[in-house]
Amino acid sequence: MTAPVRTRIAPSPTGAPHLGTAYMALFNLAYARKHGGQFILRIEDTDQQRSSTESEQAIFDALKWAGIQWDEGPDCGGDHGPYRQSERLDIYEKEINRLLEQGDAYRCFCSTERLNELRAQQMADKQTPRYDGHCLSLSAEESVKRAQSEPHVVRMKIPDSGTCQFHDELRGEVSIEWSQIDHQVIRKSDGFPTYHLANVVDDHYMGITHVIRGEEWISSGPKHILLYQQLGWDAPVFTHLPLLRNPDKSKLSKRKNPTGIFYFRDAGFLPEALLNYLGMMGYTLPDQREIFSLDELVDTFDLKRISLGGPIFDLAKLKWLNGRYLREKLEPAQVVDRLLQWKANPDVLGKIMPLALQRLETFSDFFPLAQFIFNEQPDYAIEELTGKFEPEQPARLLKIAEWELEKLSKWDRDAISSLFQKIADIEEMKLKQLLPLFFVAISGSTVSLPLFDGISILGPDITRMRFRHALEKLTDHGQGLSKKGVKKLEKEYASSYGNRID
RNA sequence: GUCCCGUUCGUCUAGCCAGGUCAGGACACCGGGUUUUCAUCCCGGCAACAGGGGUUCGAAUCCCCUACGGGACGCCA
């Protein structure tokens, strides 16, 4: 009897839940369901700095909203737990020690500086950057002794020569020379395992039979294959799916596209339409149907039908699909319900009302004032945006604000308020001079509800889209930033505001 | 830079594995019809096998080379 099919999705709880996670989840879910197996959610929180519980909760909420359900996970339990990597450290420790004892792994005491230099040198010499094995020569005694007092990592020992070949369900045999593979760190100096180790160990103990993941992982395939061998385990079946792309064909990124799952919720998309659309990225049902439910996808699912060219995420087609769901899949009364749930609910209206109240004489005044909360994109003339600013200023300020907003860890009124105050200070402007631009970019008008509250209600994704829209509008009128201009601004920005983060 | 993966209309794709129908559908776009407007809906149109070489009676389909695109190269995942 063959083992039951088990697939998983393993997001890391850093930042906003990503559309790519939902995309991978969909195919993992479909495969497991089609074969009567289980689909598991595992939280990969081995990066102590960047992981957060809020982000973890957001992943649960986002996937549930999208209609993705898992059979086992940190929130619902299961027989193969715990499902959070930070709670499995003893398991990794045991396996790492086993690798050390077997001589398949070794401790490395090299400093970050030394490694950076090495990497730079190798890049300059047109070689693949790779650890030079400096600490490999340490005797077992010395290694153990130094480990007691010095910070160190544990690395995989990779063969010096030969080729690693592994099978991909869609691409056939993939071969990569061992000389291209780095001596991967498997335990960081903080004692946490890295992705590669934790992932292999967990997939094994959780009984994962099929690993369906993004194309970005192909090049680390050999590391994973080697770990399975060294640990004496059977490797799962690997399938690498194409990556969702921006219109310029680069890997989907929030700089160029809405990538947060919540963006689609907040911008008024139906989750079933989004899931349907993701299902047609790189995939078609055998009968070419374009409108299908998750169940229909599952019933006819065939992994081999996935095409390998990276699909460009096209908002226009998603909107068309969403329109058809609204008209064909729901009754008007149901649409009313869904609309109410969306933003016409006491929670959202309750947030807006205190802001609008001073400005109200009758109810009729309410919706015009609040329109920008419900609009996909407010409309305005270019002159309203540029106002009294010098020609270069609006684009510059919008870009700076976009970068600053990116850094915000807590999205609330006060944080946003002090952020704009900071920009005003650095730019030596009065807040009052600075803000009209943003009022227009966000609300479409200089007469509107308080800006910071508005931004805080809209959330990061929609705010980013509005800034981008304003920037595009400026570019269309010859007042945007050129590629060079952005580069130059980036330098200026770094010196007065600090480095950008992604 | 090195390695890996990919490449059918502007976009999502069918066809490819088991060579042989004017390369099919959808979005977008354009035109027409229905509609007091708009939208919906209906009809029509535009538009692609990256290039070159091979194998073959015959290649989008099999093989090779080139070009282009993407990804990876972290004590991130």
Side-chain angles (χ1 to χ4, degrees), chain A residues 10-15 18 20-21 42-51 85 108-112 115-116 119-120 122-131 151-155 163-164 166 168 170-172 174-199 213-223 240-252 277-291 304-321 323-324 326-328 502:
Chain A
S12 61
T14 56
H18 198 273
T21 304
R42 179 172 74 226
I43 294 292
E44 307 224 328
D45 55 350
T46 55
D47 185 337
Q48 292 190 82
Q49 265 85 50
R50 297 198 302 153
S51 298
Q85 290 187 328
C108 170
F109 301 87
C110 292
S111 66
T112 313
L115 295 173
N116 288 153
R119 200 159 18 234
Q122 286 168 327
M123 292 282 250
D125 292 346
K126 304 182 178 181
Q127 292 171 325
T128 299
R130 186 178 196 247
Y131 183 64
H152 63 281
V153 301
V154 174
R155 289 179 183 277
T163 303
C164 176
F166 63 95
D168 178 287
L170 254 21
R171 297 159 208 264
V174 176
S175 312
I176 299 176
E177 302 274 324
W178 282 118
S179 63
Q180 294 297 323
I181 310 297
D182 199 3
H183 287 207
Q184 180 63 48
V185 170
I186 53 176
R187 188 178 65 193
K188 310 180 224 179
S189 54
D190 65 3
F192 273 56
T194 57
Y195 165 83
H196 303 278
L197 188 280
N199 189 265
R213 51 160 36 159
E215 191 176 10
E216 62 204 73
W217 296 107
I218 293 180
S219 31
S220 39
K223 291 170 187 172
H240 293 93
L241 265 33
L243 261 19
L244 258 22
R245 311 274 189 101
N246 296 313
D248 68 359
K249 295 191 193 285
S250 57
K251 176 163 122 176
L252 193 72
Y277 183 67
L278 288 176
M280 56 202 261
M281 298 267 80
Y283 187 75
T284 39
L285 300 207
D287 65 0
Q288 301 280 299
R289 228 176 318 169
E290 289 215 281
I291 304 209
K304 299 262 178 163
R305 288 189 61 82
I306 292 173
S307 65
L308 296 176
I312 291 168
F313 192 87
D314 180 16
L315 262 181
K317 190 155 184 177
L318 172 58
K319 281 186 191 172
W320 160 79
L321 191 64
R324 292 201 48 177
L326 247 19
R327 265 172 264 121
E328 297 170 20
D502 270 305

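Letters go in sequence order (proteins before strands), and every chain restarts at 1. Every heavy atom of this structure was used, including side-chain atoms; hydrogens, water molecules and symmetry mates were not.
Taking atom P on both G45(B) and C5(B), the two are 42 Å apart, rounded to the nearest angstrom. The gap from the P atom of C63(B) to that of A18(B) amounts to 10 Å, rounded to the nearest Å. Going from the P atom of A39(B) to that of G32(B) covers 13 Å, rounded to whole Å. Taking atom P on both C16(B) and U21(B), the two are 12 Å apart, rounded to the nearest angstrom. Distance check on atom P: U34(B) versus G25(B) gives 26 Å, rounded to whole Å.
Residue contacts shown for R119(A) are limited to sugar-phosphate atoms, with no base heavy atom under 4.0 Å away. P129(A) comes within 4.0 angstrom of a nucleotide base, judged by non-hydrogen atoms across all strands. Residue contacts for C110(A): at a heavy-atom cut-off of 4.0 Å it reaches a base atom on one of the strands shown. Among the protein residues, S189(A) comes within range of the nucleic acid bases, having at least one heavy atom under 4.0 Å from a base atom. Residue S307(A) is in sugar-phosphate contact alone, with no base atom involved, counting any heavy-atom pair closer than 4.0 Å across all strands shown. Residue R42(A) is classed as having no contact, given no heavy-atom separation below 4.0 Å to the nucleic acid. Among the protein residues, S175(A) comes within range of the sugar-phosphate backbone only, with heavy atoms under 4.0 Å from sugar or phosphate atoms but none that close to a base.
Distance M280(A) CE to U11(B) P: 15 Å, rounded to the nearest Å.
The side chain of E215(A) approaches C5(B) more closely than any other nucleotide in the set C12(B), A26(B), C5(B).
In this structure, R130(A) contributes its side chain and Q180(A) its backbone to no donor-acceptor pair below 3.5 Å.
Nucleotide U7(B): paired with A67(B) (Watson-Crick or G-U wobble, both distances less than 3.5 Å).
Ring geometry, H152(A) versus F109(A): the interplanar angle falls from 30° to 60°, so the pair is classed tilted. By the 30° and 60° cut-offs, the orientation of the rings of Y131(A) relative to H183(A) is tilted.
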